[in-house]
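Written out below as structure tokens is the structure these notes cover.
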2 protein chains.
Amino acid sequence: MNSRRAKSDGDGDRPVISRRRISESTIRRLSIYYRALSALEGEGYHTVSSKDLARREKLTPAQVRKDLSFFGSFGTRGLGYPTKELKTRIAAILGVDQTWNVGLIGAGNIGSALVSYKEFQKQGFVINAIFDNDQRKIGSNHKGIVISDIKDLAAEVKKRNIQIVVIAVPAAAAQQACDVAVEAGIKAILNFAPINLKVPNGVTLRTENMAMEIEYLSFTLTNHMRPIPT
Amino acid sequence: MNSRRAKSDGDGDRPVISRRRISESTIRRLSIYYRALSALEGEGYHTVSSKDLARREKLTPAQVRKDLSFFGSFGTRGLGYPTKELKTRIAAILGVDQTWNVGLIGAGNIGSALVSYKEFQKQGFVINAIFDNDQRKIGSNHKGIVISDIKDLAAEVKKRNIQIVVIAVPAAAAQQACDVAVEAGIKAILNFAPINLKVPNGVTLRTENMAMEIEYLSFTLTNHMRPIPT
DNA sequence: TAATATTCGTGAATGAATTCACGACGTGCC
DNA sequence: GGCACGTCGTGAATTCATTCACGAATATTA
């Protein structure tokens with residue numbers, strides 16, 4: 001049994017991110033830079049150096065420069081980066097310069113919290129459909145959004161042009177919810193259930209496992225380790 | 001006759017960690033193994049091989065073995081790992097074989113959701129104090145827990161032996177909440193505010209940034225990248 | 001018991017990410 | 001202009017993480 005990783009995407013070879021493979025860490029840091037730049041802009045800074053940015057977010061100047069260099073040359077030697085313009089550029093790279101329609105599966109505790117989560121809205125992620133399979137919830141109004149039957153997900157996805165689905169159902173129901181979303185053609189899923197979901201090639205899945213983070217804390221407390229900052 | 005060099009007589013079988021630096025990724029995977037083992041135990045497996053575990057969680061067998069080897073030799077050659085015992089061992093390493101008292105700052109949407117989050121309770125993380133600075137909320141009862149004034153945090157931490165604090169307040173108030181917790185002697189903080197908090201040495205901070213995860217999705221959609229599984 | 005099949009544990013090899021170090025370029029001052 | 005200084009952009013060096021590969025130990029079967 002040859003279990004070497006098959007490169008089975010031979011069919012439609014997409015123009016994968018033109019240049020090089022960008023590491024996950026780099027993308028995460030872009031989010032960090034983006035937030036920092038928003039703050040710096042508010043504080044009135046017109047330019048910012050890699051050193052400033054690094055100190056502010058506890059990174060190294062070299063890393064900031066290297067990360068940004070994957071996407072272009074945005075800085076001016078001797079001066080730094082233009083705050084506002086860099087923010088705009090990063091927004092375009094991350095895709096937060098547009099509005100994304102988000103569908104939420106699960107109208108429970110976490111789901112409800114996400115509907116009101118300001119940070120999502122601020123970045124252009126708009127939840128405009130909620131799905132559940134509980135007949136008592138279906139039809140009721142939640143923060144201005146009527147809760148739909150999950151059976152109607154495919155139809156709603158099409159009607160509302162939903163591009164991202166957030167799964168906030170119990171672990172036992174998560175895979176099924178995921179399958180429904182995939183079946184409807186969704187290519188990006190954010191999962192809050194503490195379980196490893198299976199998705200086909202071509203679908204991006206991110207799992208937000210809150211239990212994992214708190215277990216990390218319990219590990220450091222238990223082992224009296226020197227803490228590792230985020 | 002021992003052909004291989006005998007283990008250096010010094011640290012032959014030390015169960016204690018701290019020798020080598022354990023990487024963050026390894027700790028995260030321990031959480032994954034722990035959850036997988038719980039499931040496998042429920043499914044009736046008495047033993048599990050690194051291969052099984054790896055396939056189940058989309059990792060490699062070598063990585064599973066390497067991760068576990070940092071903490072000891074738990075397996076039996078030719079057979080695999082004893083499911084139940086390994087689970088117990090990992091629980092001890094992660095510190096989820098005990099109850100942790102958790103204080104929650106912020107009785108808003110996210111805070112409320114966390115109080116009801118089953119996975120926390122299941123792993124022994126018990127929220128037994130809630131703090132807020134909104135006078136209208138203070139004194140009211142939330143799922144059986146009376147909401148306290150954040151001014152009383154230090155006293156409650158002592159009284160209830162709280163070891164972990166979860167911050168679920170708006171970004172603008174997060175650093176202040178964090179400072180109060182640190183001042184009260186808390187050594188482990190889980191932060192849900194989308195901001196980089198400053199903590200002194202000796203305090204472990206983990207930040208759960210949900211916006212960052214959804215931005216990752218928007219990045220992949222924007223750049224038509226090949227998805228990277230969680 | 002002996003022969004074969006599994007699977008662990010781990011040093012070595014490889015690969016990936018981070019940091020270093022320096023040339024190039026721009027600013028600001030005299 | 002000329003000089004001193006600051007900062008970017010990036011190949012090279014380094015550090016860190018993952019995977020390979022194989023000996024040792026155990027299970028299984030005949």
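First the proteins, then the strands, lettered A, B, ... as listed; each starts at 1. Computed from a prediction, not measured in an experiment: that's the story for all the values here. Computed from heavy atoms alone, side chains included, the values below leave out hydrogens, waters and symmetry copies.
In this structure, Arg55(B) atom CZ and dT6(C) atom C1' are separated by 14 Å, rounded to whole Å. One interatomic measurement links the two molecules: NZ of Lys66(B) to C1' of dA12(C), which rounds to 9 Å at whole-angstrom precision. dT19(C) atom P lies 15 Å from atom CG of Leu68(A), rounded to whole Å. If you take CG of Leu53(A) and C1' of dT7(D), they are 13 Å apart, rounded to a whole angstrom. Following rounding to the nearest Å, Lys58(B) (NZ) and dT19(D) (C1') show an atom-to-atom distance of 19 Å. Atom OH of Tyr45(A) and atom C1' of dT7(D) are 18 Å apart (whole Å). In this structure, Phe74(A) places its CZ atom 13 Å from P of dC8(D), rounding to the nearest Å. In this structure, NZ of Lys51(A) is placed 16 Å from P of dG9(D), rounded to the nearest angstrom.
Distance OG1/Thr220(B) to CD1/Ile164(A): 8.0 Å, rounded to 0.5 Å. Interatomic distance, NZ of Lys187(B) versus CG of Leu217(A), reported as 13.5 Å (0.5 Å rounding). Between Asn101(A) atom CG and Asn128(A) atom CG the span is 4.5 Å, to the nearest 0.5 Å. Between the CD atom in Glu57(B) and the OH atom in Tyr33(B) there is a gap of 9.0 Å [rounded to 0.5 Å].
Note: Phe219(A) and Phe71(B) have perpendicular aromatic rings, judged against thresholds of 30 and 60 degrees for the angle between ring planes.
For Tyr81(A) and dG6(D), the shortest distance from a side-chain N or O to OP1 or OP2 is not below 4.0 Å. Using a 4.0 Å cut-off, no side-chain N or O of Ser25(B) falls inside it from OP1 or OP2 of dA17(D).
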Original post:
Base, backbone or nothing for each nucleotide of nucleotides 22-30 of chain C, written B, S, -, heavy atoms under 4.0 angstrom, 5' to 3'?
Top reply: -BBBS----
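Heavy-atom nearest nucleotides on DNA chain D were determined for Gly80(A) and for Gln63(B), and the one closer to the 5' end corresponds to Gly80(A).
Side-chain atoms of Ala62(B) lie closest to dT19(D) of the nucleotides dT19(D), dT19(C), dG9(D). Comparing dT19(D), dT18(C), dT10(D) by their closest approach to the side chain of Ser69(A) singles out dT10(D).
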**OP:** Could you walk me through whether Asp179(A) and Gln175(A) pass side chain to side chain donor-acceptor pair (under 3.5 Å), step by step?
**Re:** CA-CA 6 Å; Asp179(A) 293 345; Gln175(A) 184 64 60; 2.9 Å; yes
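Across all strands shown, Thr26(B) has no heavy atoms under 4.0 Å from either base or sugar-phosphate atoms.
For the pair Leu68(A)/Tyr81(A), a side-chain contact is recorded, criterion being any heavy-atom separation below 4.5 Å from C-beta on.
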